[in-house]
Amino acid sequence: MTDVAPVTARRQARARWLLLVPALTVLVFAASGPLLIVLIYSFLTPGDYGGVLWEPSAQGWFSVVFERDFFTDELSLADAHLSIFWRSVKLSLMTAALAFIFGFPTAYFIATRPKEKRDLWMLLIIIPFWTNLLIRTFAIAELIRNEGTVNTLLITMGVIDEPIQMLFTEFAILLGMAYVYLPLMVLPIYASLERLDFSLVEAGYDLYATRWRVLRKVIFPLAKPGVIAGSILVFVPSLGAYVTPRVLGGGKQLMLGNLIELQFGQGRNWPLGAALSLTLLAIVMVALLFYVRAAGGEEGRHG
Amino acid sequence: MKLKVTLAALAAATAAPAFAEGELNIYNWGNYTSPEMIEKFEKEYGIDVTITDYDSNDTALAKIKAGGHGFDIVVPSGTYVPIFISEGLLMESKPNEMENFKNMDPVWVDVEFDPGRNYTVPWQWGTVGMTVNTSVYDGDINTAAIILDPPDELKGKINVVPEMMDVMSTTIYYMGGDQCTTDKEVLKKVRDKLVEAKQHWLSMDYGNIEKYAKGDLSAGVNWNGASLRARLENEDIAFGYPVTGYPVWMDNAAILADAQNVENAKQFLNFIMDPENAAMLSNFARYANGIKGSEQYLDPVMASAPEVVVPDELKAAGKVSKTCPPEAQKIYTAIWTELQK
């Protein structure tokens, strides 16, 4: 009796490890390995024509936050990098918010359809995913450019005289990212709402709660895990977005992804690029930690 | 009888490759090699040509550095030629001793990236200047003020191609500096001017032919070939050469140090220095070549295009782009990042 338990436990442990092998292989070779190279490169000296020299240097990391003014040699915070960081975080947060504003009602609508119709609605949400990201982005550019569909329509209807400059603004980036990542918000919220027991909603009404109160006190708390998961799923790729700011932002306002690309391309500063990539990773980690804590808190309350 | 047929077939099969005297592998920018010219070369010399595309100098450099590529010829930009040479990737094939070398425009012989042409042969060359919609602005377009001190009509309708070195050089010339300068006084002025001018720009983007033609953009920094294509769609589009100085680039064919088909590659370099063949390249890619006498073979639309034929009085302002030292590169990147923050 005393022997059997450890044997079973050991066998279970072995089975667990064996099952983990594929995942671990992927993690080590496809994630940790390349990441390690990025980490090492971030501590090397940039080569004259791209690439790296094998001389250790912390200059890459130093340049992420600080810059030495090349005119006065004065040390200061790297204003350009920080502005770009801030723009990336700000736009990503706004994208998540916008995706929520449009995604929550959408998910609620689908979850309240008859069961056999829901699949059709989900399909409609997913269909845009079948088209290449670049094509969808260019389609938006076509819609909102000065001579594009929206402006032409507004001018013909007499609403405006001059076309509104929408393309190449932060608004355009925001619109593009929210559109592209909307399904990532709808899917997890829908998953939460689908399991929602609507008799709870009825109970709320029976207790004379207003519709707003039911939404806020009953539906929303139950959908919260989905909302948080959706927000993270939208926030993280927005942060590293490259194509959307490039095409819709007109390249005038860099985001992190574009800044990193600059260092590996025309800037010829790979260590700085590597350090910036890891900084981006750190921001994502903070967001995920927030998620873990928020999700953990949720379970705690129910338990 | 059957044996005879088999033998004949065998002979035919072995004869075929003997007929084609060999092969040649060219590694070049995409959509840049005239298929007609290649066909002519294949017929004339009985050589099979294979072309592989790349999309940037950096891609080409990385792949060739890695080795095992099997290419014989590469076509890097002038700014990358010294890098290729210093990395030992190019063969000193002495194009200057080839038969058709006499056709090369003397202007292009003693270039800084390959003095005397010991490694490379001109492929195509072009300029970076100002594209302007003359129905919006009819003033002087041969000035970088178009983007740096823009007239009111053009404000908010300007695009600047995000090519760091081209934009930096144009601005440095405008502020009175030299290419690759590290003079802090000049660079400070350059930075302030760019940051101030940027508020009048609409975008910093590539691929704008349609936008110029349709009027979304009224002016900007552009390549001459792209500007020519915009003009063919909208005749109001003109191309200006800043009188203070504008970048001139050239892509050059060279034989790789580890080429397998050296003799064929040499024949090819000689072949593209022939005026008629050089014109075929230009008629396809829409840029000028560095070969004298090719004018008579050019399409009429090219031969007279002000985008391709630089006006005499502005020729001197053109400055062939070279590779800037890392110190300069570093400052330029800092200014460039500052500009796009």
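Remember, predicted model here, so these are calculated numbers, not experimental data. Lettering of chains follows the sequences in order, A, B, ..., and the numbering in each one begins at 1.
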Checklist outcome for this item: Pair count under 4.5 Å, heavy atoms only, with chain A: among K211(B), K330(B), K198(B), highest is K198(B)
Checklist entry - Hey, which of P326(B), A334(B), S56(B) has the most heavy atom pairs under 4.5 Å with chain A? => result P326(B)
Next on the checklist: Which atoms of N269(A) are under 4.5 Å from chain B, going by heavy atoms: the side chain, the backbone, both sets, or neither?
Outcome noted: neither
Next on the checklist: Would R136(A) pass as a cation-pi partner of Y181(A), given that its NZ or CZ must be under 6.0 Å from the six-membered ring centre and within 45 degrees of the axis?
Outcome noted: no
Item to check | Proximity breakdown for K65(B) and chain A, heavy-atom pairs closer than 4.5 Å | outcome: neither
Checklist entry - Looking at F62(A) versus F66(A), is the centre-to-centre ring distance below 6.0 Å? => result yes
Item to check | Stepwise side chain to side chain donor-acceptor pair (under 3.5 Å) check, D53(B) with Y32(B) | outcome: CA-CA 9 Å; D53(B) 291 353; Y32(B) 205 32; over 6 Å; no
Checklist outcome for this item: Ranking P46(A), G249(A), A80(A) by heavy-atom pairs under 4.5 Å to chain B gives rank one to A80(A)
Checklist entry - Any sub-3.5 Å donor-acceptor pair from S42(A)'s side-chain atoms to A274(A)'s backbone N or O? => result no
Checklist outcome for this item: Given A78(A), P163(A), G250(A), the one with more heavy-atom pairs under 4.5 angstrom with chain B than any other is G250(A)
Item to check | Audit row: D192(B), K189(B), salt bridge (charged side-chain N to carboxylate O under 4.0 Å, His left out) steps and yes/no | outcome: CA-CA 5 Å; D192(B) 295 346; K189(B) 280 196 242 163; over 6 Å; no
Checklist entry - Are F85(A) and L256(A) close enough, and set up right, to give a side chain to side chain contact (heavy atoms under 4.5 Å, CB included), and what steps lead you there? => result CA-CA 6 Å; F85(A) 273 117; L256(A) 261 171; 3.4 Å; yes
Next on the checklist: Looking only at side-chain N and O atoms, does S135(B) offer a donor or acceptor that is under 3.5 Å from a partner on N133(B)?
Outcome noted: yes
Next on the checklist: Heavy-atom cut-off 4.5 Å, strictly under: side chain, backbone, both or neither for Q329(B) against chain A?
Outcome noted: side chain
Next on the checklist: For chain B, which candidate among Q253(A), H81(A), R87(A) shows the most heavy-atom pairs at distances under 4.5 Å?
Outcome noted: R87(A)
Item to check | Considering all heavy atoms, the nearest A60(B)-Y27(B) contact | outcome: CA-CE2, 3.8 Å
Checklist outcome for this item: Of E87(B), E338(B), K214(B), the largest count of non-hydrogen pairs under 4.5 angstrom with chain A goes to K214(B)
Checklist entry - Is any residue of residues 164-186 of chain B within less than 4.5 Å of chain A by heavy atoms, and which ones? => result M164(B), M165(B), K184(B)
Item to check | Part of I84(A) lying under 4.5 Å from any heavy atom of chain B | outcome: side chain
Checklist entry - Just checking, any donor-acceptor pair under 3.5 angstrom between side chains of D258(B) and H69(B)? => result yes
Item to check | Distance-minimising heavy-atom pair for D55(B) and T59(B) | outcome: OD1-OG1, 3.0 Å
Next on the checklist: Taking side chain as everything from C-beta outward and backbone as N, CA, C, O, which of these in Y332(B) sits under 4.5 Å from a heavy atom of chain A? Side chain, backbone, both or neither.
Outcome noted: neither
Next on the checklist: If we count only N and O atoms by modelled type, under 3.5 Å, do the side chains of E233(B) and Y212(B) hold a donor and an acceptor together?
Outcome noted: no
Item to check | L259(A) portion near chain B, given a 4.5 angstrom heavy-atom threshold | outcome: side chain
Let me have the donor-acceptor pairs involving side chains of residues 216-226 of chain B, under 3.5 Å, with sequence neighbours excluded, atom names and distances please.
from    : atom 1 : to      : atom 2 : distance (Å)
D216(B) : OD2    : R145(A) : NH1    : 2.3
N222(B) : ND2    : T131(B) : OG1    : 3.1
N224(B) : OD1    : T127(B) : N      : 3.2
N224(B) : ND2    : E307(B) : O      : 3.1

